[in-house]
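Here the structure is laid out as structure tokens; the discussion comes afterwards.
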Amino acid sequence: MHQLLLKPPAEAPKTVALTPELETGKNLYDNSCARCHKLYEPKKFTKEEWTPILVRMGKKAKLDETQMASITNYIDSQL
């Protein structure tokens with residue numbers, strides 16, 4: 001009798017179901033940031049790397065604190 005060796009399924013990338021608040025952050029990120037440049041995958045940078053990027057870009061995009069918090073929460077949820 002032959003025994004089949006099956007590889008375990010590849011681990012699916014982690015996906016986080018977006019709450020309405022995170023969806024708002026995603027929409028702001030998609031629409032505000034893409035006005036000037038291509039969008040980067042959140043995982044392209046660490047949380048520590050994102051912090052100064054978001055501060056700098058938030059000022060350029062003239063986003064208020066609430067909008068920035070929403071985008072930051074969305075980015076953090078995807079890391």
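- Taking all atoms of both residues into account, the shortest heavy-atom contact from L22 to N73 is CD2-O, 3.5 Å.
- Under the 3.5 Å distance criterion, the side-chain polar atoms of Q78 are left unmatched by any main-chain donor or acceptor of I75.
- The minimum heavy-atom distance linking K43 with L79 is given by the pair NZ-C, 3.9 Å.
- Residues V55 and F45 do not share a hydrophobic cluster, clusters being chains of Ile/Leu/Val/Met/Phe/Trp/Tyr side chains in contact below 4.5 Å.
- At least one donor-acceptor pair closer than 3.5 Å links the side chain of W50 to the backbone N or O of P42.
- Separating the OG1 atom in T72 from the OH atom in Y29 is a distance of 11.5 Å, to the nearest 0.5 Å.
- Checked by atom type and distance alone, the side chain of S70 never pairs as donor or acceptor with a backbone atom of T66 at under 3.5 Å.
- The distance from atom SG of C36 to atom CE of M57, rounded to the nearest 0.5 Å, is 8.5 Å.
- Here the side chain of K26 pairs no donor or acceptor atom with the backbone of Y74 at under 3.5 angstrom.
- Atom CD of E41 has 12 or fewer neighbouring heavy atoms from other residues, nucleotides or ligands inside a 6.0 Å radius.
- M68 contributes atom CE, which lies 10.0 Å from atom NZ of K59 (distance to the nearest 0.5 angstrom).
- Shown here for K44 and Y40, the closest heavy-atom pair between the two residues is CD-CD2, 3.3 Å.
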- request: Check the pair I71, L63 against side-chain contact (heavy atoms from CB on, under 4.5 Å), reporting the backbone distance first and the verdict last.
  value: CA-CA 10 Å; I71 291 172; L63 299 174; 3.6 Å; yes

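- In plain terms, the two heavy atoms of K62 and Q67 that are nearest each other are O-OE1, 4.4 Å.
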message: What verdict does the side-chain contact (heavy atoms from CB on, under 4.5 Å) test give for E23 and N27, after you've listed the backbone C-alpha separation in whole Å, the side-chain angles of each residue and the deciding distance to 0.1 Å?
response: CA-CA 6 Å; E23 190 66 46; N27 289 336; 3.7 Å; yes

